[in-house]
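Counting begins at 1 with the first residue of the sequence. Both ligands and their constituent atoms are indexed starting at 1 by order of listing.
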Amino acid sequence: MATPTLPETQHPDLVGLGRAGLAAELAAFGAEPFRARQLWHWIYHRGTTDFAAMTSLSKVFREQLAAHYELGRPAVSRALTSVDGTRKWLLRFDDGQEVETVYIPEEERGTLCVSSQVGCTLSCTFCHTGTQRLVRNLTAAEIVAQIMVARDALGEWPPAVQPDRQVTNIVLMGMGEPLFNYDNVAEALKIVMDPEGLAISRRKITLSTAGVVPAIRRCGAEIGVNLAISLHAVRDDIRDRLVPLNRKYPITELLDACRRYPGASNARRITFEYVMLKGINDSPAEARELVRLLAGIPAKVNLIPFNPWPGAPYECSSEAAIATFSDVVFAAGYSAPVRTPRGRDILAACGQLKSASVRQRKREPAPLSAA
Ligand code: SAH
């Protein structure tokens, strides 16, 4: 039987610190201010995980850093690739908590779907993550780490960038409600958008929210990323059932916040996500009502075929119903693409892989405790 290994002494990890955090850490370490800029380049532009490779730093300084700090990544507890090229990583953090990150390659872009919380408090009745309780917010470092892991796996660090596999876009549409973890999400996105690091511009980042109205304005003014709203229904009684947060921030208030969203324009539309649930929200009359509600908002509509999960209380609308709904919205002048399901064979939809992993661990014998 293997003896449980004692954890190594953990040094503080520099990956995931923002500009100010890194500068403060290095100042406390006694390094000159320009060292923080050099490290920033190695960490976020080059993706280096080994101080020894930081050749612009003196050998002595590299050794001192290595003796005091880490350049870590969360453990990848599962990595899956779908037949359609979608990739999914289940990441495990030091406290054993797991989240999912999904990469969706398309012809013109590669989108990384990032999680913001472990579990979720929203309890949307059609969402699989909604069946998991909220465990905790992710730290800014854990949010940034999802992008670092994807870039590692896709071979995307200079100078050896693979031109056909790149993270060009980020969507905060993974597990959790990003606007309930606003400060850490904002800090993480600042790191992600920094032009001397990961350098993904605000125009290529979309934050999806179930409608935390007070945080929407802040998000526009302070982070300035694209906004997506999980609308899913055109009447409060139905939306109350699908997205319980609607009881706190009903449709009219939510749409008012969208009308005032700083930066929204015809060139930068707000995306309205609408999950297609058979017999619940998918009638042509509801499509017409949706068009009426969106008047005055620079909007596009994203119709999402419901992705079923075991025990889900809904079914996906028929193809014909989705097509009719899309036609009505399109005829009113809105783009209304139907989102193609991706990565179904690897449980790529929100929360599914994590649940499978938790079930599997429950079947395994309890690990030896190192206490
Ligand atoms: N909490 C945020 C972001 C996470 S959910 C939000 O609500 O927007 C990302 C998107 O996936 C949301 O539009 C959500 O409603 C949708 N979604 C969740 N479960 C789904 C399922 N089973 N089928 C289709 N879409 C789903």
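- Close approach of ligand 1 to L122 (heavy-atom distance below 4.0 Å) involves ligand atoms 1 (N).
- Within the structure, ligand 1 lacks A312 among the residues with a heavy atom less than 4.0 angstrom away.
- By the criterion of a heavy-atom distance under 4.0 Å, the backbone of T209, and not its side chain, is placed next to ligand 1.
- Note on D236 versus R239: no salt bridge recorded, every NZ/NE/NH1/NH2 to OD/OE distance being 4.0 Å or above.
- Counting atoms of ligand 1 from 1 in the listed order, those under 4.0 Å from a heavy atom of G174 are 4 (C).
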Candidate pair R218 and D183, rule salt bridge (Lys or Arg N to Asp or Glu O under 4.0 Å), full reasoning:
CA-CA 11 Å; R218 252 188 107 186; D183 290 339; 3.7 Å; yes

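- Test M173, Q146, E100 against V114 for side-chain contact (heavy atoms from CB on, under 4.5 Å) and you get one pass: Q146.
- Within ligand 1, counting atoms from 1 as listed, the ones closer than 4.0 Å to a heavy atom of W309 are 22 (N).
- Both the backbone and the side chain of N307 come within 4.0 Å of ligand 1, counting heavy atoms alone.
- In the vicinity of S230, heavy-atom distances shorter than 4.0 Å reach the ligand 1 atoms 6 (C), 7 (O), 8 (O), 12 (C), 13 (O), 15 (O).
- Any N or O atom pair closer than 3.5 Å counts here, and E177 shares at least one such pair with ligand 1.
- Listed by atom number, the atoms of ligand 1 under 4.0 Å from A210 heavy atoms are 6 (C), 7 (O), 8 (O).
- With a 6.0 Å radius and a threshold of 12 heavy atoms from other residues, nucleotides or ligands, R46 has its CZ atom above the threshold.
- Counting atoms of ligand 1 from 1 in the listed order, those under 4.0 Å from a heavy atom of C127 are 18 (C), 19 (N).
- No more than 12 heavy atoms of other residues, nucleotides or ligands sit less than 6.0 Å from atom CD of E319.
- A 6.0 Å sphere centred on CZ of F330 holds no more than 12 heavy atoms belonging to other residues, nucleotides or ligands.
- Two rings, from F272 and Y334, have their centers 6.0 Å or more apart.
- At under 3.5 Å, not a single nitrogen or oxygen of R339, backbone or side chain, sits near a nitrogen or oxygen of ligand 1.
- Every atom of ligand 1 with a heavy atom of I304 under 4.0 Å away is listed here by number and element: 24 (C), 25 (N).
- Classified by interplanar angle (parallel below 30°, tilted 30° to 60°, perpendicular above 60°), the ring pair F29/Y69 is perpendicular.
- For ligand 1, the polar-atom distance check against F126 finds a nitrogen or oxygen pair separated by under 3.5 Å.
- Closest heavy-atom approach to atom 15 (O) of ligand 1 among the candidates H232, E273, M276: H232.
- The number of heavy-atom neighbours closer than 6.0 Å to CZ of R136, taken from other residues, nucleotides and ligands shown, is above 12.
- Ligand 1 has an N or O atom lying under 3.5 Å from an N or O atom of G176, backbone or side chain.
- When only modelled atom types and interatomic distance are considered, E177 and S116 share no side-chain donor-acceptor pair under 3.5 Å.
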